[in-house]
Amino acid sequence: MGRLILRGERCDNGLAMSFTVTTCPLVEARAPRADLADFTVRCPEIARAARPGQFIMVRCGDFTLRRPISICDADGDLVRFVFEVRGTGTAWLAERTVGDALDILGPQGNGFTLGDTSRPAVFVGGGIGIFPLLHACKPFGARAAVLLGFRTAGLISMVEDFQAAGADVRLATDDGTAGHHGLVTDLLRARCDAGAVDAIFACGPKPMLRATAAIAEEREIPCQLSLEQRMACGVGACLGCAQKIRRPDGTETYAHVCSDGPVFEASVVVW
Amino acid sequence: MGRLILRGERCDNGLAMSFTVTTCPLVEARAPRADLADFTVRCPEIARAARPGQFIMVRCGDFTLRRPISICDADGDLVRFVFEVRGTGTAWLAERTVGDALDILGPQGNGFTLGDTSRPAVFVGGGIGIFPLLHACKPFGARAAVLLGFRTAGLISMVEDFQAAGADVRLATDDGTAGHHGLVTDLLRARCDAGAVDAIFACGPKPMLRATAAIAEEREIPCQLSLEQRMACGVGACLGCAQKIRRPDGTETYAHVCSDGPVFEASVVVW
Amino acid sequence: MMMTTPNLTVNIAGVTLANPVVTASGTFGFGREYGTLYPLSELGAIAVKGLTLKERPGNAPPRVAETPAGMLNSVGLQNPGVEAFIREELPWLKAQGAVVIANIAGNTIEDYCAMAERLSDTAVDLIELNISCPNVKAGGVAFGTSCASVAAITAAVRGACRKPLIVKLSPNVTDIAEIAVSAVDHGADALSLINTLLGMRIDIATRRPVLANNVGGLSGPAVRPIAVRMVWQVRGRVSVPIIGMGGVATWEDAVEMLLAGANAVAVGTALYADPFASVKITRGLREYLERHGMADVQELVGAVQAH
Amino acid sequence: MMMTTPNLTVNIAGVTLANPVVTASGTFGFGREYGTLYPLSELGAIAVKGLTLKERPGNAPPRVAETPAGMLNSVGLQNPGVEAFIREELPWLKAQGAVVIANIAGNTIEDYCAMAERLSDTAVDLIELNISCPNVKAGGVAFGTSCASVAAITAAVRGACRKPLIVKLSPNVTDIAEIAVSAVDHGADALSLINTLLGMRIDIATRRPVLANNVGGLSGPAVRPIAVRMVWQVRGRVSVPIIGMGGVATWEDAVEMLLAGANAVAVGTALYADPFASVKITRGLREYLERHGMADVQELVGAVQAH
Ligand SMILES: Cc1cc2nc3c(=O)[nH]c(=O)nc-3n(C[C@H](O)[C@H](O)[C@H](O)COP(=O)(O)OP(=O)(O)OC[C@H]3O[C@@H](n4cnc5c(N)ncnc54)[C@H](O)[C@@H]3O)c2cc1C
Ligand SMILES: Cc1cc2nc3c(=O)[nH]c(=O)nc-3n(C[C@H](O)[C@H](O)[C@H](O)COP(=O)(O)OP(=O)(O)OC[C@H]3O[C@@H](n4cnc5c(N)ncnc54)[C@H](O)[C@@H]3O)c2cc1C
Ligand SMILES: Cc1cc2nc3c(=O)[nH]c(=O)nc-3n(C[C@H](O)[C@H](O)[C@H](O)COP(=O)(O)O)c2cc1C
Ligand SMILES: Cc1cc2nc3c(=O)[nH]c(=O)nc-3n(C[C@H](O)[C@H](O)[C@H](O)COP(=O)(O)O)c2cc1C
Ligand code: FES
Ligand code: FES
């Protein structure tokens, strides 16, 4: 516990954790919704190296910066990622079709430390934060409770994927159009009340993460959060993606989401 | 003769000659060579208004400036243009495929004044300057002598099109790999020696145009040249595409290739 | 729910613009070209091509070059001179219902004053002082690059001018806010910014500068972050109306510029990719205000909440 | 026909770089990340992240924002301090065979001098003085924005420094050539330019600046025309080596920068789209020289033929 990594992990030779920059074919491109793309690329180097919670940096046309997108799943030679069209870069990306070559950097970042996958764990996801949880929950099989929150029923996605992984999936929507009418953290509280939880893994909007961290702290459950920040390099070189954290000695400093994170112990995050 | 238009032609209402900005489908896209694209778009507004020697401004992706390209032919609802891949913009454009929508502004500029098409005329073209001559030579049928110069045989194109228009086509190459070994202006001299020529129309690199103008002046043959210049607006608003010309009173000034030209009487051009 | 049409009008130094979207001087000629596409009265105002006292032929070509997300120009103020403008362009422009901003340029304070005085007797609505020009009496340093010379030229022209006076600032300076304050303190009724940034491109094949003038002015989206920053800095120091420009291409860009502190925006380079950019921006602004239930576009001005 | 391999080496103030492609300070960390992709010895030199006397946490996030053909950053000089650099980064960097440029930043002349002195006893190859920082004793105006303060800081650091000294110029000035001359006259052995241009982006949805610091430094291809112009202007006035930077992304851009007058180029922002940009540029330069039968890359330096 209390894992605190600063300046990323380092190899024996003094280099940062290695990553690949590669051009790989898009082998499956689905659009579950008009503004959502579910892509699979054939990329053995990244697929084999990827650990749950890591992400890739995808080059989008002539844009100056790559876009960070979580690895949703990695299987054999294939890497799957799912993204919402938010602005110009993801709009460009969503227009790619099967056979197009994508320029991808990864896998990058410190992902989830899953610990003992034979013990029950809860995965809490909100909005676009649900995607990296798939890769992470799989090893837990039926011991994973996956709690997903959405604004409204129309935005629900990936439920079948989580179910296929064996997880017990519960839904919450802000407007009550599906599942629990309310916050996904209500479901988390209920789940914690219902039985032992050894670990919480969460990804989603900041308020959700903050509430999740508070619940975890209160109940003394180890909790890891996957954070977002605007990035330039995505590898730890530019120091662009700062996140304030608390060091073991109580002092505060800025860590970096791309190399120290995106996953942080909830207890070190300074909100 | 001595036609000198400054600030373009103007309509009775004080406006410049009208043009259209429109999105139109690419209906035919051929690549006679790897670095040459022969495109036809369905664009009734432009096709019907186009006069020989006019050009269009084609939007290329997110580039700041449109690219000027001559109208090679206009027939019914169709506009044909042929262009070489020179840099990034034309490279983007050449990748478009049938069915893609192109954003085109035109027709623009003062084209050739053909005069009496029942009299013999000579068309002199060099390199990418040959394309606008097709539209212009057609009305002359067999009375058109079309003299085309290229660096080498591998760059020859459009010969069948000119022949199909009824023209007498002669070739010259700098390296002698096809046709006359030498300059296209050698062919022009020979043609002028061989019989009466009522008008010369030329488009191509500056040295070729200059030599053509000299021959025309020497032999007192009316001569119109289509010039190139870097453009921004393409419509006469930015004054970017200056060309020095001589006014009837002998003073010099800058005219604009996009609105006063691209075709100028050879006699007014200051080299 | 009642929906009232939002108010898009802007008052710039006493002159009412129907909407806050102006065309940038030098990019729109005298309106006769783009006027074939839409009525010129749909624009908030037209800043005409920079005028000089006498006709100017401008620079040798090439005068324009593309750059990443921008362009360079070195037109060199080709224009028919202020008298020809008054005679041949202004009456036509006014007949189209356009609010006309006469952009004036010169190489001596006397030239500027003579033009301002002459234009004061015409139907021109506002005068815009382009101070990016070299002052020949001061060794060719641009008027707009020191507070002292900005003060001197603004005060002199203010004295000669009976129209609202806009001073158009050059971005090629160390401290734009200080220059802006100088202009306002010496009589500027409004400011416009930014003019172009000095840039250069070299053709590596010929090893020659692409522009015959070697250097030229950079404009377009590439410079927008600089323009937004300067408008914000200037808004922090002056309260006169600001016309913000530099890379505005979409209504979103216009909102950004207004939030930074501009009362109106000017559109230039964006017209070359899309000649309808100006009128689309006005439409986009209107729809934005409607969507947000805002009554007046001026509610956006300077509304950025800095950290 | 015999083909000899062209000479790519560059001498910057007595230090030989294997090739003229350097990484721009702050964009490449201390080399540990991109060093996983290629040996750091393949780079001409590495300008490390800007160092300060003491550790600095840097600015609050967000610190980066994309702009048209560019980006803004407001990292705020997050770094472990000069001692930690000397202890933990420098030995490793030198072991990789890299030529190391220590970029130093401060808020007082004393800080700069202390760092220069300390670094003079280390294996650092060159010291680069980042003068874009605010001088706290002069009310926060950046050191690099007046000739007098550039003269003062350059002379002081020159006195304290036993390594070749590069002065890195800020482009946010009225007259870059004048500033360059000041730096050279007061002891700069070489110059590097340009640092970033001050810019701003506002998120229209939140009505807040995208950067927590409100403003940040603009870099990337968008600024290249400005950088090329400044290098050309400076080359016209000084003869010391120049490291040109600002939007260099391809070998063609590097040739342009060399023609304008730079002896070497630095690559920063371009690495984010393509981490191999630096090594590709070196390869491209080599092939270009071979194609043109040129023996030495320095034949390109300042070879632009102005009109
Ligand atoms: C580690 C990490 C993992 C992510 N995983 C996913 C995922 O699996 N699926 C998904 O849909 N989204 C994910 N995101 C968010 C995604 O990166 C943004 O939605 C995307 O960058 C927006 O790009 P754009 O060009 O569409 O938006 P624009 O607004 O045009 O982008 C402009 C700039 O802002 C950056 N930016 C904008 N929004 C964000 C954001 N929320 N986070 C970080 N940078 C942003 C862009 O990267 C770009 O540099 C992740 C973000 C991070 C940091
Ligand atoms: C009136 C006119 C008619 C033309 N007709 C044809 C034609 O029918 N077929 C054809 O192949 N080419 C034609 N050209 C040339 C064509 O416009 C250029 O080859 C093209 O603009 C190059 O664009 P790029 O993006 O590939 O090159 P880049 O070098 O990347 O372009 C950079 C900028 O320079 C401009 N530019 C570059 N070369 C030229 C040039 N030779 N003339 C004008 N601007 C240039 C571009 O428009 C762009 O603004 C014509 C040019 C003009 C002015
Ligand atoms: C081709 C061209 C010509 C210009 N001519 C003038 C001019 O005559 N007077 C002037 O004050 N500004 C002139 N400008 C500057 C613009 O008015 C404007 O300040 C600048 O281009 C930034 O806006 P933009 O990015 O929207 O083009 C010119 C700009 C361009 C592109
Ligand atoms: C993320 C980032 C951090 C930077 N940090 C520094 C720095 O610490 N010291 C410095 O002198 N310049 C710094 N710069 C400026 C660069 O060194 C360079 O001058 C500038 O980015 C222009 O080059 P480019 O367009 O290739 O990035 C930084 C630039 C970026 C993008
Ligand atoms: S994005 Fe560059 S350090 Fe994280
Ligand atoms: S290109 Fe604008 S006037 Fe010709």
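Below, each value reflects all heavy atoms present in this structure, side chains not excepted, and no hydrogens, waters or symmetry copies. Remember, it's a predicted structure, so these values are computed and weren't measured experimentally. Chain letters run A, B, ... following the sequence lines, proteins first, then strands; residues in each count from 1.
At least one side-chain heavy atom of T64(A) sits less than 4.5 Å from a side-chain heavy atom of T269(D). Counting heavy atoms from C-beta outward, P61(D) and R230(A) have side chains that stay 4.5 Å or more apart. Between E33(D) and Q108(A) there is no side-chain heavy-atom pair separated by less than 4.5 Å. At a threshold of 4.5 Å between non-hydrogen side-chain atoms, the residues V75(D) and Y254(A) do not count as touching.
More than 12 heavy atoms of other shown residues, nucleotides or ligands fall within 6.0 angstrom of atom CG in D249(A). Environment of CZ in R56(D): crowded, with over 12 heavy atoms of neighbouring residues, nucleotides or ligands closer than 6.0 Å. The neighbour count for E83(D) CD, taken as heavy atoms of other residues, nucleotides or ligands under 6.0 Å away, is above 12. Counting non-hydrogen atoms of other residues, nucleotides and ligands closer than 6.0 Å to CG of D111(D) gives a total above 12. Counting non-hydrogen atoms of other residues, nucleotides and ligands closer than 6.0 Å to CZ of R207(D) gives a total above 12.
Interface remark: of the candidates P62(D), G70(D), G220(D), G70(D) forms the most heavy-atom pairs closer than 4.5 Å to chain A. In terms of non-hydrogen atom pairs under 4.5 Å with chain D, the most contact-rich of R67(A), M57(A), M231(A) is R67(A).
Only the side chain of R59(A) has a heavy atom closer than 4.5 Å to any heavy atom of chain D. With a 4.5 Å cut-off on non-hydrogen atoms, A270(D) does not touch chain A at all. Looking at N13(A), the atoms closer than 4.5 Å to chain D (heavy atoms on both sides) all sit in the backbone: N, CA, C or O. Residue T67(D) touches chain A through its backbone alone, counting heavy-atom pairs closer than 4.5 Å. For L271(D), no part sits under 4.5 Å from any heavy atom of chain A, backbone or side chain.
Between N59(D) and A242(A) the shortest heavy-atom distance is O-CB, 4.5 Å. Nearest heavy-atom pair, T27(D) versus A237(A), reported as atom, atom and distance to 0.1 Å: O-CB, 3.8 Å. In terms of heavy atoms, R63(D) sits closest to G240(A) at CB-O, 3.2 Å. Across every non-hydrogen atom of L239(A) and K49(D), the tightest pair is CD1-CD, 4.2 Å. In terms of heavy atoms, F63(A) sits closest to A273(D) at O-CB, 4.3 Å.
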Can R32(D) and M17(A) be said to form a side chain to side chain contact (heavy atoms under 4.5 Å, CB included), step by step?
CA-CA 9 Å; R32(D) 297 188 189 261; M17(A) 296 300 286; over 6 Å; no

Assess whether side chain to side chain contact (heavy atoms under 4.5 Å, CB included) is satisfied between C233(A) and Y34(D), documenting all intermediate values.
CA-CA 10 Å; C233(A) 71; Y34(D) 294 116; 3.3 Å; yes

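Rounded to the nearest 0.5 angstrom, E66(D) CD and R66(A) CZ are separated by 12.5 Å. Considering CG of L40(D) and CG of L15(A), their distance stands at 7.0 Å, rounded to 0.5 Å.
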